Structures are given as structure tokens and as C-alpha cells.
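Input: a single structure, listed below in C-alpha cells.
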Number of protein chains: 2
Amino acid sequence: MSLRHGLLGLLAEGPASGYDLARRFSEALGSVWPAQHPQIYSELARLESAGLIEVESTGPRRRKAYRITEEGLAEVRRWLAEVEVDHTFRMETLFRAYFFWLMEPEDLKAHLAKEQVFFAETAAALRGYAATKDRGDWGTSAQTRAMRIAIEAGIRINEALAGWAEWAQESDIMTSEDFGTAK
Amino acid sequence: MSLRHGLLGLLAEGPASGYDLARRFSEALGSVWPAQHPQIYSELARLESAGLIEVESTGPRRRKAYRITEEGLAEVRRWLAEVEVDHTFRMETLFRAYFFWLMEPEDLKAHLAKEQVFFAETAAALRGYAATKDRGDWGTSAQTRAMRIAIEAGIRINEALAGWAEWAQESDIMTSEDFGTAK
DNA sequence: TCTCAACATGTCTGTTCTTACATGTCATGG
DNA sequence: CCATGACATGTAAGAACAGACATGTTGAGA
């Protein structure tokens, strides 16, 4: 359901092809809402038959660019303003934490160290990306600024998780003897 | 795929029925990996036919409690130790941020304020929950301590997002005139 | 005695999402 | 001229997931 509106939101910036949109999802966008090309193409077909988007042009290599319609723009606006945010999220990293007690202490320590590095590196990469936006490399359009806000959230979450992984390694909560001993 | 291992992990703590497991998912666990009862019951049936769990007892009200088998315990351990963590996650809150530029500035401000309250309250609730664990209300078993670690992650993420929502409201990034003006 | 809430387990349908398969175009460089 | 890689769009099968429907049990309190 969110993918539908996400595609409309991206097309609100200007016409794009399925391929373009899939590329956007494989970048920053995909880290908060993964989507593969088959889903994107089929969703675009559905949006077109619903009249929310229309074919703008057909280019070389049978490229088909879509443009958002008035109704589509109204629909994405309605979504943003009226539809309640779904706060549920799925995060395997945290889910696994509930089962840490089943792991051998050394494995767990190694696991957390690896996670810490991953989150710290991801945060650093996003910080670098944000810096280019702040320097104005991408202009100062409203879209760029919205993206900057989204990236800031990514930075903060990854930093929080890096801090968590570090805290967990040092915490005396997991340094006891009965970790790794099922039942 | 994670649900399968999550159920095994929960059953590693001791026998439980589908109803028990569904309740656990409706609590803290569901905030990092949502699962409804139909999915849980069908997954349990699949785990049973795979020999990873077995029926331990049948009680009143046709209650059926499952117990993890040796193979099941080995499988959840293998998952924790060997299977790469999938770091992708889905978070509508952040996804929407990419489209903030389509919102009316006043709507956006109100939206962010609401989000800030939501995350701050969630963090506070989790902090309260963590405090009861720290007081020892739930014993000091390895399971309880693992859960404490998981909750800590929830606290930090929600605090990070509350801070983000506050930052975004005050940021000059979104106080410009062209927000809400598509194209 | 009756009603309600909590206990308890399932099926069914439709949607979403993933993965693998399949095809064809065009530009570049060897 | 040929191979390769990036461009580009799709289908098909199946897994995962959500929501509605369906049923029956037991205990507590009005």
C-alpha cells in the first residue's frame, strides 16, 4: 500500500520510467522501503489503469516514462495529510536480540561487534551523503531538503544502533555464565 | 522466514501454545516483528511436520502446547550463529519523509509534532518496562536479560526518532516557502 | 441462569513481496 | 564484427502476510 503512494510521490517530482524508479529504490529509498523491479512495474500498471499516472513518452529501448496525473497528485497529498502513519516496523536485528540468550557468549560478542561496525559505517556513509546535500551539491529544492530530513533520520537510527551494540557488548547483562544454555 | 526461527526461539524457553505465542507477539516482540495468530498457527503446523517442534500436551479448551525438539534447538542456534542478518527494514515513518515537500508547511509541522510525541511516549513506556526488569521483577534469567537488551534498542531507536522529529520541526530546511508546491 | 470476556484454534481469501525466468536494445571497446 | 555491460520491461510461481470469518470452551459475575 505504501509502495503505491511512494511511486506517486516520486513521480510528483517529474516523469520517470520503471527503471528509473527501481534505481531510486535500490538507493537510499530502499533502506526504508525495499522494492524490487517486478513489484514496481506491476504497481505502475495498476496505477495507470486507475488513472493516477499516464504514459508521458516512449523512448529508445522501449523505455516508457510515466507522468503523474492531477488525480494522482491529489491522492498522494491525501495520503500524506489524512492517512494515519503505520508505526509497525520489521527489524531482524532487533528481533534476534530476544534470542541472544541462546548464543554462545563468544559468538554473541563477535556478532555485536560486527553489528556495531555495520551501523557505524552506515551512519558514516549517510553523514557523508548529507554533507554533500548541505554543501548544496544537489541544489536547494524542496525535494532535496525533504530528502535531507529523511537521511538525518537514517543517520540518527544507525548511530543509535551502533551505540546500542557497543552498550550491549559492555553490559554486564550478557556477561553471565548462563548465556548459551538453553533451558 | 524469521518468524519460523522466532517461534523456535520462544519455544526454546519452554513449551507454549499458539495462543501463548500469539500473545507474546502482540506485546514487545510484535513491535520489531509483527505476526498475527493465523500466521503463527500455520507456521507451527509446518514446524511440527518438519520435526522441529512436537506436541507436548493437550489441555482444556483444546489447548495444544508445543515443545521444541533437539533438531529445532539446533536449527535456531544455527540461524543465530550462521545466517547473515538481513539489515533491510521497512519503516513508513521514514519513507514518508521523502515526500514531505509535498505537504503544506502547517500540516507537516503538525505531523512532526505528533510523531515526536508518539516516539517520546513509546520510548518512555519502554524505559518503564526496562526499569521493572532492572529492579529484578522478572528474575535474572538469561532470557530476561536478553529481552532487556532488546528493549534497550527499542528505547534508543524511539528516542532517536523523537529527537529527529524535534530537529526537523526546528530545522530551517523545511521552513522555506516552496514546501507544498508540487513541480 | 445467563451473559460476557478471555481462552483457544483454526480456515479462507486476497494482497504484497520475492525470486527466478525471459527477452530485447543500444553503446563501447577489443 | 563481436562480446559485454548497462539499459529496459516484463511474466510466473510461490512464499509471506493481513483481515475477515468461523467455531467452540470455561469461568466469573450479574
Side-chain angles (χ1 to χ4, degrees), chain A residues 1-8 10-11 15-27 29-50 53-66 79 83-84 86-92 95, chain B residues 1-8 10-11 15-27 29-50 53-66 79 83-84 86-92 95:
Chain A
M1 212 86 228
S2 285
L3 178 64
R4 169 130 64 257
H5 294 107
L7 292 173
L8 288 175
L10 289 176
L11 288 172
S17 68
Y19 191 82
D20 295 335
L21 296 165
R23 240 189 8 228
R24 301 260 329 239
F25 272 91
S26 76
E27 293 158 14
L29 215 59
S31 68
V32 293
W33 202 272
Q36 307 299 322
H37 79 263
Q39 213 191 331
I40 290 168
Y41 285 118
S42 60
E43 197 59 55
L44 285 173
R46 232 169 301 158
L47 283 167
E48 195 195 356
S49 67
I53 62 173
E54 58 195 16
V55 176
E56 184 235 8
S57 64
T58 48
R61 299 173 198 188
R62 60 191 170 131
R63 175 193 165 88
K64 216 165 40 168
Y66 291 95
W79 172 63
V83 179
E84 275 297 297
D86 178 3
H87 284 105
T88 63
F89 65 98
R90 237 166 252 280
M91 211 168 178
E92 211 202 273
F95 188 51
Chain B
M1 210 87 227
S2 285
L3 178 64
R4 169 128 67 258
H5 294 107
L7 292 172
L8 288 175
L10 289 176
L11 288 171
S17 67
Y19 190 82
D20 295 336
L21 296 166
R23 238 188 9 230
R24 302 260 329 240
F25 272 91
S26 76
E27 292 158 13
L29 215 58
S31 68
V32 293
W33 203 271
Q36 306 299 320
H37 79 264
Q39 214 192 330
I40 291 169
Y41 284 118
S42 60
E43 196 60 54
L44 286 172
R46 233 170 299 158
L47 284 167
E48 194 194 358
S49 67
I53 62 174
E54 58 195 13
V55 175
E56 183 235 8
S57 64
T58 48
R61 301 175 195 187
R62 59 191 171 134
R63 174 192 166 89
K64 215 164 43 170
Y66 290 96
W79 172 63
V83 179
E84 276 296 298
D86 178 2
H87 284 105
T88 62
F89 65 99
R90 237 167 252 280
M91 210 166 179
E92 211 201 273
F95 188 49

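All values derive from a computational prediction rather than experimental measurement. Computed from heavy atoms alone, side chains included, the values below leave out hydrogens, waters and symmetry copies. The sequence lines fix the lettering, A, B, ..., with proteins before strands; numbering per chain opens at 1.
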* Asked: Is the count of non-hydrogen atoms from other residues, nucleotides or ligands lying under 6.0 Å from Glu27(B) atom CD greater than 12?
  -> yes
* Asked: Shortest non-hydrogen contact from Tyr66(B) to Leu44(B)?
  -> CE1-CD1, 3.8 Å
* Please state how far atom CZ in Phe25(A) lies from atom C1' in dT16(C), giving the value in whole angstrom units. => 14 Å
* **Whole-Å gap separating C1' (dC17(D)) and CG (Leu7(B))** => 14 Å
* Asked: Starting at CD of Glu43(B) and ending at P of dT11(C), how long is that distance when rounded to a whole Å?
  -> 14 Å
* **Arg4(A) (side chain) and dT15(C) (base): donor-acceptor pair under 3.5 Å** => no
* Does Tyr41(A) have a side-chain nitrogen or oxygen under 4.0 Å from the phosphate oxygens OP1 or OP2 of dG10(D)? -> no
* May I ask you to evaluate whether Gln39(A) reaches the phosphate of dT16(C), defined as a side-chain N or O under 4.0 Å from OP1 or OP2? => no
* To do: Please check the phosphate of dT9(C) (OP1 and OP2 only) for any side-chain N or O of Tyr19(B) closer than 4.0 Å.
  => no
* To do: Kindly say whether, by distance alone, the side chain of Arg63(B) makes a donor-acceptor pair under 3.5 Å with the base of dT26(D)?
  => no
* Asked: CZ of Arg61(A) versus C1' of dT23(C): gap in Å, rounded?
  -> 15 Å
* Asked: So, for Lys64(B) and Thr58(B), which heavy atoms are closest and what is the spacing to 0.1 Å?
  -> CG-CG2, 3.9 Å
* Structure fact -> Nearest heavy-atom approach of Pro34(B) to Thr88(A) is CG-CB, 4.1 Å
* With the side chain of Arg62(A) defined as its heavy atoms from C-beta on, choose the nearest nucleotide among dA20(C), dA8(D), dT9(C). => dA8(D)
* Structure fact -> Arg90(B) atom CZ is separated from dT18(C) atom C1', nearest whole Å, by 10 Å
* Ile40(B) CD1 to dC7(C) C1': how many Å, rounded? -> 15 Å
* Nearest heavy-atom pair of Tyr41(A) and Tyr19(A): which atoms, and what distance? -> OH-N, 3.4 Å
* Asked: Just how far, in rounded Å, is C1' of dA8(D) from CG of Leu21(A)?
  -> 13 Å
* **Nearest-nucleotide 5' precedence on DNA chain C, Leu3(A) against Pro60(A)** => Leu3(A)
* What is the distance from NE2 of His37(B) to C1' of dA18(D), rounded to the nearest Å? -> 11 Å
* Does dC17(C) have OP1 or OP2 sitting under 4.0 Å from an N or O in the side chain of Gln36(A)? -> no
* Between Ser17(B) and dT9(C), is there a side-chain N or O to OP1/OP2 distance below 4.0 Å? -> yes
